[in-house]
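Shown next, in structure tokens, is the structure this report addresses.
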Amino acid sequence: MLQPLVSTIYFAALSCALISQPQQRQLSTPAKPFSPALSHRQPFTVYETPLSLNPIASPTTFSSSLAHSDPLLLQSMSIAATYLHQKHGIQLDSIHITDAYTDTATGLTHVYMVQTHDGLHVTNAVANVNIDKNGRVISSGHSFTPGPLASNNADFSSAALSTDSARAALLALANHIQAPLADTDLGGMAATSFDSSSGLTVTNLPAHFAIDGTARITSALLQNADGSVSSVWRVNAEQQDHWWTASIDTSSHNVLALYDWYSQSESYNVYAKDVLSPEDGKHTLVADPASKDASPKGWVTKGSTYGNNVWAQSNPTGGSTWQTNHRPKAGPGNVFDFPLNLSQPPESYIDAAIVQLFYTNNIMHDLSYIYGFDEAAGNFQDENFSGRGVGGDGVIANAQDGSGTNNANFATPPDGQRPRMRMYTWTQTMPNRDGDFEQDIVAHEFTHGISNRLTGGPANTDCLNDGESGGMGEGWSDAVSTILRLKSTDTHDADLVLGHYVYTKGIRNYPYSTSMDTNPSTYSYLDRMDYQEVHAIGEVWAEILYEVMWALIDKNGFADDIFAHDLTKGNSIMLQILLDGMKLQPCNPTFIDARNAIIQAEQNLTGGKNRCEIWGAFAKRGLGVNAPGGGWGRHTDDSSVPDGC
Ligand SMILES: *[C@@H]1O[C@H](CO)[C@@H](O)[C@H](O)[C@H]1NC(C)=O
Ligand SMILES: *[C@@H]1O[C@H](CO)[C@@H](O)[C@H](O)[C@H]1NC(C)=O
Ligand SMILES: CC(=O)N[C@H]1CO[C@H](CO)[C@@H](O)[C@@H]1O
Ligand SMILES: [Ca+2]
Ligand SMILES: [Ca+2]
């Protein structure tokens with residue numbers, strides 16, 4: 001028998017001194033960027049045959065922020081304005097060119113424009129025209145408002161643009177982004193007069209509203225969904241994680257549009273969530289993988305591998321410090337892309353490994369959140385957006401941790417204290433392999449956190465301690481990583497081996513299989529002398545759950561995307577009732593307790609639609625309705641199902 005290779009630290013032995021609690025932040029539902037859905041927006045048009053136009057517009061018939069003398073660029077600007085006028089009926093004097101340049105690589109000239117009226121920009125009425133070397137239009141898109149501009153709310157005159165109105169707009173924005181300002185915060189404002197070209201700069205604002213104490217206000221127009229325009233204040237203020245530009249109606253003071261210059265965009269060069277390991281697919285760039293529900297502010301806080309859910313870093317010494325350990329920095333636009341050559345030793349690709357570990361932990365955060373391991377249920381987040389549960393406990397995840405080899409572990413203290421995941425390198429191959437790149441190992445470890453927090457409530461993580469319940473802790477971890485790795489091409493004939501990449505024969509006694517020949521494990525194995533260790537017990541539990549999962553998929557079909565949370569599909573039902581069962585079951589459950597909790601969870605979820613299939617699966621592996629409980633020597637297989645099944 002294999003020695004247990006993957007062990008878990010159950011006990012919350014982390015010394016509190018190691019854990020720095022971030023300052024508690026104010027509760028908030030974060031404000032989100034939005035803007036009017038413009039009904040007149042023209043789709044991007046590509047001309048298979050480029051358009052030749054005689055430029056009727058000279059640079060004096062449109063305005064420009066640019067001082068160009070290059071005649072070819074001036075001609076391109078004229079062509080772009082002519083195009084908008086002739087093809088889209090835009091008045092020439094409402095066109096203002098904001099940018100124009102010739103790309104050295106492609107030779108194409110790009111002209112960018114905004115619509116103006118009375119000297120004010122309609123900030124969301126914009127156009128771009130692309131022109132080839134021969135001065136022909138090859139493509140274009142625009143959202144200029146058609147016809148003459150109709151005001152929705154006011155004359156565009158300066159009467160509406162008083163300092164008092166700007167002040168009211170600032171207060172309205174502060175409320176909208178839940179960073180309220182008191183009247184006294186704007187003390188100096190009334191004395192300042194509004195200058196229509198440079199606007200107004202308000203200083204000495206409190207830091208919770210603007211980190212540098214400053215907001216800039218300018219006057220502009222905003223196009224509404226129906227094509228009308230409103231006179232607005234454009235207010236710009238930077239916060240810790242946001243840099244807002246808001247358009248606020250100058251008379252009603254409603255926030256009509258909100259943009260955030262802090263890009264929530266994130267990309268990771270990783271083995272994506274549908275790739276189990278380097279043996280199963282390619283390292284690819286994945287854009288914006290964060291679930292909007294589970295991680296409303298994205299995964300990354302400040303351009304490195306830490307954020308609300310996970311802090312991922314190297315830890316070559318294996319020591320207990322982590323705050324100051326090495327974390328790779330993202331390139332511009334939060335792109336995490338680091339070299340990876342698996343023919344070289346793992347240390348050569350530590351940055352790629354940290355990124356992968358950060359990615360997979362966040363995937364697990366989001367997946368488990370969607371299925372109910374949320375803030376109230378005691379999940380791992382620095383900040384609790386819902387205000388429930390205890391925050392300050394994002395996961396500490398160490399890649400290539402120096403404290404061990406050929407293993408991985410996860411320590412789960414109670415809600416509000418940070419759990420710690422340590423991933424090791426594996427030495428059975430040359431060069432060594434890195435557990436960070438095998439999704440089922442990382443998912444297994446993270447699931448220890450889920451099962452420990454959910455069973456017996458988030459404040460008590462001593463509920464999967466004894467033999468049977470500790471074994472099930474291992475089993476759930478294998479079961480959840482199996483659900484995550486399953487593909488639509490798998491059938492109930494699939495035999496799945498855990499740990500195949502790091503350790504080719506796998507780290508369990510048998511593959512998971514619905515064949516009694518391939519995997520003969522049943523409930524009565526719990527009475528075998530060689531099955532007294534948690535991983536062996538867990539293997540039996542995970543095998544039983546494997547049968548339950550296939551019974552559900554065979555009956556209800558398979559959701560290609562487990563993140564879609566489609567509870568009509570078998571694999572999604574399985575994950576849901578596993579987590580619901582953990583919430584229902586008592587501290588230190590037996591196999592019988594956990595089975596009953598799963599049956600009850602399914603009853604509650606679907607009204608018992610799958611009750612008989614689930615009982616059938618349990619009974620196939622000896623955990624039938626008359627299976628006895630009660631500890632050592634009392635694990636006799638029973639294959640009976642309830643009456644009516
Ligand atoms: C990866 O490393 C191996 C072994 O050092 C080397 O032979 C190979 O050229 C490297 N591949 C790339 C793409 O650099
Ligand atoms: C039972 O299902 C309802 C919704 O159908 C849900 O609100 C409730 O939390 C569930 N209870 C348990 C114990 O799972
Ligand atoms: C960091 C954080 O947001 N913590 C909050 C999580 O929710 C609890 C319960 O409401 C609050 O007390 C914490 O402030
Ligand atoms: Ca928590
Ligand atoms: Ca618990």
Side-chain angles (χ1 to χ4, degrees), residues 8-14 16 19-25 27 269 278 282-283 294-297 307-311 337-353 361-362 364-366 368-369 372-397 410-421 429-434 437 446-466 469-470 472-473 476-477 578-589 593-594 597:
T8 308
I9 299 170
Y10 290 109
F11 185 58
L14 285 179
C16 286
I19 293 160
S20 89
Q21 296 277 357
Q23 267 186 310
Q24 301 276 302
R25 294 216 205 123
L27 301 180
N269 199 351
K282 288 196 158 50
H283 207 224
S295 297
K297 289 188 173 177
N308 201 41
N309 312 324
V310 184
W311 298 65
D337 185 7
F338 298 97
L340 174 64
N341 183 342
L342 295 168
S343 307
Q344 299 203 352
E347 310 82 72
S348 74
Y349 49 78
I350 179 66
D351 284 350
N361 268 272
N362 273 297
M364 288 301 296
H365 168 274
D366 286 5
S368 56
Y369 183 101
F373 182 46
D374 57 14
E375 293 150 349
N379 76 348
F380 312 129
Q381 290 183 198
D382 281 2
E383 188 178 347
N384 292 345
F385 302 115
S386 70
R388 304 195 299 162
V390 189
D393 61 354
V395 177
I396 299 167
F410 196 93
T412 318
D415 196 16
Q417 297 178 49
R418 293 185 188 282
R420 184 180 57 205
M421 176 185 288
T429 53
M430 270 309 277
N432 293 344
R433 292 189 169 177
D434 181 343
F437 289 106
F446 193 99
T447 305
H448 278 302
I450 302 174
S451 58
N452 274 304
R453 284 278 172 93
L454 290 183
T455 306
N460 184 353
T461 51
D462 299 328
C463 287
L464 296 177
N465 278 327
D466 68 19
S469 71
M472 284 190 294
W476 279 302
S477 282
L578 279 191
L579 266 59
D580 288 350
M582 291 175 196
K583 293 176 179 176
L584 292 167
Q585 70 198 1
C587 192
N588 287 316
D593 294 335

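Just so you know, ligand 1 is whichever comes first in the structure, and atom 1 is the first atom listed for that ligand. This structure is a prediction, so every number in the text was calculated from the model and none was measured. Numbers here are sequence positions counted from 1.
- Remark: Phe437 CZ to Leu342 CG distance equals 6.5 Å, nearest 0.5 Å.
- At least one donor-acceptor pair closer than 3.5 Å links the side chain of Asn341 to the backbone N or O of Ser343.
- Although no hydrogens or angles enter the test, the distance criterion places a donor-acceptor pair under 3.5 Å between the side chain of Lys583 and the main chain of Gly372.
- As for Asp415, its N/O/S atom nearest the Ca ion (ligand 4) is the one called OD1.
- Between the CE atom in Met582 and the SG atom in Cys463 there is a gap of 13.0 Å [rounded to 0.5 Å].
- Atom NE2 in His365 sits 3.5 Å away from atom CD in Gln381 (nearest 0.5 Å).
- One distance of note links CG of Asn432 with CD of Glu347; it measures 7.5 Å at 0.5 Å rounding.
- Partner Arg453 forms a salt bridge (Lys or Arg N to Asp or Glu O under 4.0 Å) with one of Asp374, Asp462, Asp393 and no other, that one being Asp393.
- If you look at the Ca ion (ligand 5), the protein N, O or S atoms less than 3.0 Å from it are Asn452 O, Arg453 O, Thr455 O, Gly457 O, Asn460 O.
- Aromatic ring centres of Phe446 and Phe373 lie farther apart than the 6.0 Å criterion allows.
- Geometry note: the Ca ion (ligand 4) is the vertex, Asp393 OD2 and Val390 O are the arms, and the angle is 100° (rounded to 10 degrees).
- With rounding to the nearest 0.5 angstrom, the CG atom of Asp580 is 9.0 Å from the CG atom of Leu454.
- Between Lys297 and Asp382, no side-chain nitrogen of the basic residue sits less than 4.0 Å from a carboxylate oxygen of the acidic one, so the salt-bridge criterion is not met.
- Checking Glu375 against the Ca ion (ligand 4), every N/O/S atom stays at or beyond the 3.0 Å cut-off.
- Put simply, the side chain of Asn309 reaches to within 4.5 Å of the side chain of Asp366, judged on heavy atoms.
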Starting from the N and O atoms of ligand 1, find every protein N or O within less than 3.5 Å and list the pair with its distance.
residue	atom	partner	partner atom	Å
ligand 1	2 (O)	Asn341	OD1	3.3
ligand 1	2 (O)	Asn341	ND2	2.3
ligand 1	2 (O)	Gln344	NE2	3.2
ligand 1	5 (O)	Gln344	NE2	3.2
ligand 1	11 (N)	Asn341	ND2	2.8

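- For the Ca ion (ligand 4), the set of nearby N, O or S atoms under 3.0 Å includes one belonging to Asn379.
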